Participant: 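Dropping the structure in here first, questions after.
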There are 2 protein chains.
Amino acid sequence: MIQTHAVRLFTERGYDATTVADVAEAAGVSPMTVYRHFPTKEDLVLVDQRVQLVAEQITATSALQPLVRRIGSALVDSAKALTGGGSGNDLTANEQFLLARLRLMISTPALRAKHLDNNYALQQAIVDALGDDGTDPDTAFHAHAAASACLAAMHTALVRWAEDDGRTELPDLIAKALAAAFGDGIADTDPDK
Amino acid sequence: MIQTHAVRLFTERGYDATTVADVAEAAGVSPMTVYRHFPTKEDLVLVDQRVQLVAEQITATSALQPLVRRIGSALVDSAKALTGGGSGNDLTANEQFLLARLRLMISTPALRAKHLDNNYALQQAIVDALGDDGTDPDTAFHAHAAASACLAAMHTALVRWAEDDGRTELPDLIAKALAAAFGDGIADTDPDK
DNA sequence: ACCGCAGTGGTAGTCACTAACAGTTTGGTA
DNA sequence: TACCAAACTGTTAGTGACTACCACTGCGGT
């Protein structure tokens, strides 16, 4: 509830021009309560990264495939879970809310910075999930390079998705971004296609 | 001078535990003076991105090459300018200072986030320099995906460089990171090698 | 009626950062 | 030397995010 009011106020008046006290008042609670649920003002907007989910998808992929393919397909699949499968044409309320938060995130430096740093944390989780045992620094370096590049491509897809107002399916956009960066074919999700 | 004291204090006591007033006192100036030279506390540490330089290198590359190759070679070249050419074995004072700031940047969330956002601004400049006229949204999307992935690989190289205490040449590490992400051969700088 | 406990609120403080104003130093000019 | 303008520095008084600490309320179980 607090989050809903926050995103609405931030969108209407701007992020910087809206204080946490404003959000608290709109939600009918005290500023203290806001801080109890959301450790920082930025967390009122930022999208849950689902680190756990992505990591599980990574371990589920075949270790025989190239790194960017393993990571890419995991990201595409997690995007499906995020948008709810993407069945019909109309956007669900969940997707609308996601879009509103993404638009704030893109246009507000503080939010954008924190989101990019969250992506960096996700990168660490991906490298861990890839099964890097830490013995070979070159292997870890390779994994970090691949993971960071894949996540950067995904971020580009997120921005494009928000600019498109969600008209294109997010998983498809991510696959397109991966293909644009790494070349066609590397990021196909379903081999039976 | 202010910056030198700031990095030293941040390294000794920690970034969060050091106030801007502390930095000002160590530098023998008032807190206001610090804010006049560095708009935010983070700017006391962050590395100059040299957006202009990278953009010029991009326009100097052949438009016939693949995007990641154009961007990659520009990033490798700008890294040479940043570290000062990398001639001898010993680290220059400039490189030492760069290393200290990088270490802070990697370990401090606020600094890391802002640096990643600076990279995002650099991405915009790279896309602009690539000559995207904005008419075709797919072309722009392609350029953004490639640029973001290249910058992510470069960031990975920066982290590795700091972990290595600068023992490996930074431009070489960036080339290695690009090769790890995009495949060998795509990021070679000098064709005559 | 009693206890524990999760959720909520108040108070006071720290610190990054800003705006408005005032004093000082510096470099160029007559 | 005298002078002026511009750059530099300092003071004060704020705003707002965020924290630590303590008190209060409702609520199910014994």
Side-chain angles (χ1 to χ4, degrees), chain A residues 1-49 100-118 120-121, chain B residues 1-49 100-118 120-121:
Chain A
M1 207 81 252
I2 295 176
Q3 214 175 358
T4 315
H5 288 287
V7 171
R8 181 175 51 79
L9 287 180
F10 291 160
T11 304
E12 287 172 7
R13 312 182 193 171
Y15 179 78
D16 290 331
T18 308
T19 69
V20 174
D22 292 338
V23 174
E25 191 185 349
V29 294
S30 85
M32 276 304 305
T33 304
V34 176
Y35 281 114
R36 251 185 266 277
H37 291 286
F38 303 92
T40 73
K41 187 183 177 184
E42 287 129 359
D43 287 306
L44 285 164
V45 175
L46 290 182
V47 177
D48 178 22
Q49 296 263 196
R101 285 185 290 169
L102 268 182
R103 274 191 278 263
L104 277 173
M105 186 198 81
I106 293 164
S107 58
T108 309
L111 292 173
R112 202 174 49 216
K114 184 131 183 179
H115 178 261
L116 289 168
D117 193 53
N118 285 350
Y120 187 70
Chain B
M1 209 79 253
I2 295 175
Q3 214 174 359
T4 315
H5 287 288
V7 171
R8 181 175 52 78
L9 288 180
F10 291 161
T11 304
E12 288 172 6
R13 312 181 191 171
Y15 179 78
D16 290 331
T18 308
T19 68
V20 174
D22 292 338
V23 174
E25 191 185 350
V29 296
S30 84
M32 274 307 303
T33 304
V34 176
Y35 280 114
R36 256 184 262 276
H37 291 285
F38 303 91
T40 71
K41 188 182 176 184
E42 286 128 359
D43 287 305
L44 285 165
V45 175
L46 290 182
V47 177
D48 178 22
Q49 296 263 192
R101 285 186 290 169
L102 269 182
R103 275 190 277 263
L104 277 173
M105 187 199 80
I106 293 165
S107 59
T108 310
L111 293 172
R112 203 174 48 217
K114 183 131 185 181
H115 178 261
L116 290 168
D117 194 53
N118 286 350
Y120 188 69

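For clarity, every value in this text was computed on a predicted model and none was experimentally measured. Reminder, nothing fancy here: chain letters follow the sequence lines and each chain counts from 1.
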Participant: According to a strict under-4.0 Å criterion, is B/T33 in side-chain N/O contact with OP1 or OP2 of D/dT9?
Facilitator: no

Participant: C/dA20 C1' sits how many Å from B/Y35 OH, rounded?
Facilitator: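 After rounding, the reported distance stands at 18 Å.
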
Participant: Could you state the CZ-P distance from B/F38 to D/dT9, rounded to the nearest angstrom?
Facilitator: 11 Å

Participant: Atom CG of A/D16 to atom P of D/dT15: distance rounded to whole Å?
Facilitator: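 To the nearest whole Å, that distance equals 17 Å.
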
Participant: Side-chain contact, heavy-atom cut-off 4.5 Å: B/H37 with B/Q3?
Facilitator: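 No, too far: nothing below the 4.5 Å cut-off.
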
Participant: How long is the line joining CE of B/M32 and C1' of C/dT18, in whole Å?
Facilitator: 8 Å

Participant: In whole angstrom, what separates A/L111's CG from D/dA17's P?
Facilitator: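 After rounding, the gap between these two atoms is 12 Å.
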
Participant: Considering every strand and a 4.0 Å limit on heavy-atom distances, what is the contact class for A/P31: base, sugar-phosphate, or nothing?
Facilitator: nothing

Participant: Which whole-number value in Å describes the distance from A/K41 NZ to D/dT15 P?
Facilitator: 16 Å

Participant: Give a yes/no answer on whether the side chain of A/H37 brings an N or O atom under 4.0 Å of OP1 or OP2 in C/dT8.
Facilitator: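 True: A/H37 side-chain N/O within range (under 4.0 Å) of C/dT8 OP1/OP2.
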
Participant: Can you find a heavy atom in the side chain of B/M105 that is under 4.5 Å from one in the side chain of B/L102?
Facilitator: yes

Participant: The side chain of B/S30 lies closest to which of these nucleotides: D/dG10, C/dG9, C/dC17?
Facilitator: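 Ranking D/dG10, C/dG9, C/dC17 by closest atom to the B/S30 side chain puts D/dG10 first.
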
Participant: Indicate whether the side chain of B/R8 and that of B/H5 have a donor and an acceptor atom separated by less than 3.5 Å.
Facilitator: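 Yes, because at least one side-chain N or O of B/R8 sits under 3.5 Å from a partner of the opposite role on B/H5.
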
Participant: Could you work out which one of C/dA16, D/dA17, C/dT8 sits closest to the side chain of A/R36?
Facilitator: C/dT8

Participant: Quick one: A/I2 CD1 to C/dG9 C1', roughly how many Å, whole number?
Facilitator: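 Rounded to whole Å, this separation is 13 Å.
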
Participant: Whole Å only: how far is the CG atom of A/L44 from the P atom of D/dA17?
Facilitator: 10 Å

Participant: Contact between A/F10 and A/T108 at the side-chain level, heavy atoms closer than 4.5 Å - yes or no?
Facilitator: no

